[in-house]
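What follows is one structure encoded as structure tokens, with my remarks underneath.
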There are 2 protein chains.
Amino acid sequence: MTSLTIAEAAERTGLTAHTLRYYERDGLLLHAVERAPSGHRRYTDDDLRWIEMVTRLRATGMPIRDVRRYAALVRDGDGNESERLALLLAHREVVERQLAEVTSHLRAIDHKIALYENLAPAS
Amino acid sequence: MTSLTIAEAAERTGLTAHTLRYYERDGLLLHAVERAPSGHRRYTDDDLRWIEMVTRLRATGMPIRDVRRYAALVRDGDGNESERLALLLAHREVVERQLAEVTSHLRAIDHKIALYENLAPAS
DNA sequence: CTCGGACTTGGAGTGCACTCCAGGTCAAGG
DNA sequence: CCTTGACCTGGAGTGCACTCCAAGTCCGAG
């Protein structure tokens with residue numbers, strides 16, 4: 001229950017096993033994942049929770065290198081909360097700007113779609 | 001007024017001259033851009049309008065290859081409007097799903113931000 | 001006539017984020 | 001004991017979308 005193989009972790013997180021290893025190698029996780037005596041990775045619930053946060057950051061467009069920076073701050077423990085906050089706030093800014101831009105472009109595209117729909121309303 | 005150099009077109013569209021040449025080479029434009037006797041490109045208002053549409057599609061995440069397909073349809077002229085419509089509608093679907101996903105992830109990140117803000121409300 | 005600067009080309013290079021491969025280990029089932 | 005399948009590693013490969021380079025052309029200013 002508190003210990004999943006990489007295949008299970010991949011299924012739970014929606015990432016591939018490849019990507020999970022890649023994230024670990026690249027310093028996106030808080031620490032190396034625990035191993036079974038066989039050397040196979042065993043993911044805890046905490047691991048999965050962190051990976052979900054990473055997924056959220058990535059899904060909103062944060063570059064790997066910034067996720068790594070954030071992970072480093074969290075790893076370093078108490079005392080840098082304001083830095084973490086600043087990083088997240090900066091990211092939030094970027095995401096909101098992007099959402100606004102995409103939304104406005106989408107409206108323009110919708111306009112184009114409406115033209116085509118009016119052109120052949122019966123087709 | 002109806003004839004801009006590549007540098008001017010770059011400035012107007014927000015793309016680089018490199019990217020404008022690249023788009024032309026890659027079949028994203030409706031036809032080869034006109035040339036001055038010197039061989040230099042001359043962009044018309046129509047060119048710019050089309051490039052803006054391309055920019056909107058790109059900015060909303062449409063892959064180059066799909067933009068090329070759409071350009072090919074428009075280039076082929078009347079008779080395939082329903083195909084164009086289908087392509088745009090499919091893209092719209094994708095974009096809206098993405099917007100929803102990003103928005104929901106952003107809400108989760110906001111939640112995290114709120115935690116940090118409550119942690120050190122005076123800092 | 002010479003220079004600087006904007007343009008041209010084909011093709012190579014870059015950065016990002018995976019994605020895969022070869023060769024190996026390990027535990028369980030037949 | 002042998003095979004199967006899931007896992008391991010370092011390092012190479014992939015796809016995308018640019019981005020840049022070298023070598024050349026053209027034009028206006030001095």
Problem set entry | Check against side chain to side chain contact (heavy atoms under 4.5 Å, CB included), A:Arg58 and A:Val67 | CA-CA 8 Å; A:Arg58 291 288 306 120; A:Val67 178; 4.0 Å; yes

Problem set entry | Derivation of the side chain to side chain contact (heavy atoms under 4.5 Å, CB included) call for B:Tyr70 and B:Glu83 | CA-CA 9 Å; B:Tyr70 183 64; B:Glu83 268 186 87; over 6 Å; no

Exercise. Are A:Tyr116 and B:Arg84 linked by a side-chain donor-acceptor pair shorter than 3.5 Å?
Worked result: yes

Exercise. Any ion pair linking A:Arg97 and A:Glu101 (charged N to carboxylate O, less than 4.0 Å)?
Worked result: no

Exercise. When you check every protein heavy atom under 4.0 Å of nucleotides 25-30 of chain C, what one-letter string (B, S, -) results, 5' to 3'?
Worked result: -S----

Seminar exercise, completed: Contacts satisfying side-chain hydrogen bond (donor to acceptor under 3.5 Å, both in side chains) that involve residues 25-40 of chain B (not counting sequence neighbours) are B:Asp26-B:Arg68

Problem set entry | Nucleotide C:dG15, atom C1' - distance to CG of A:Asp66 in whole Å | 14 Å

For this session: Provide, to the nearest angstrom, the distance between the CD atom belonging to B:Glu11 and the C1' atom belonging to C:dC7.
Result: 17 Å

Exercise. Once you round to the nearest 0.5 Å, how far does CD of A:Glu24 lie from CG of A:Leu20?
Worked result: 8.5 Å

For this session: Verify the contact: side-chain N or O of B:Arg41 to OP1 or OP2 of C:dT8, cut-off strictly under 4.0 Å; return yes or no.
Result: yes

Exercise. Going by side-chain heavy atoms closer than 4.5 Å, which hydrophobic residues are tied to A:Val95, directly or by a chain of links?
Worked result: A:Leu99, A:Val102, A:Leu106, B:Val95, B:Leu99, B:Val102, B:Leu106

For this session: Whole angstrom is fine here: how far is it from CZ in B:Arg35 over to C1' in D:dC26?
Result: 14 Å

Exercise. Separation of A:Ile6 atom CD1 from C:dC20 atom C1', in whole Å?
Worked result: 14 Å

Problem set entry | Strand contacts (DNA chain C) in residues 13-29 of chain A, 4.0 angstrom heavy-atom criterion | A:His18, A:Thr19, A:Tyr22, A:Tyr23, A:Arg25

Exercise. Going from CG on A:Asp110 to NE2 on A:His105, what distance comes out if it is rounded to the nearest 0.5 angstrom?
Worked result: 13.0 Å

N/O donor to acceptor pairs below 3.5 angstrom from side-chain atoms of residues 47-57 of chain B, sequence neighbours left out:
residue	atom	partner	partner atom	Å
B:Asp47	OD2	B:Thr44	N	3.0
B:Asp47	OD2	B:Thr44	OG1	3.2
B:Arg49	NH2	B:Asp46	OD1	2.9
B:Trp50	NE1	B:Leu28	O	2.8
B:Thr55	OG1	B:Ile51	O	2.8

Problem set entry | Any A:Arg69 side-chain heavy atom under 4.5 Å of A:Leu87 side chain | yes

For this session: With heavy atoms under 4.0 Å as the rule, sort B:Ala7 into base, sugar-phosphate or nothing.
Result: sugar-phosphate

Exercise. Where along residues 55-65 of chain A does a heavy atom come under 4.0 Å from DNA chain C, residue by residue in number order?
Worked result: A:Arg58, A:Pro63, A:Ile64, A:Arg65

Exercise. What's the verdict on side chain to side chain contact (heavy atoms under 4.5 Å, CB included) for B:Arg92 and A:Ile109, showing C-alpha distance, side-chain angles and the deciding distance?
Worked result: CA-CA 8 Å; B:Arg92 203 188 106 104; A:Ile109 291 169; 5.5 Å; no

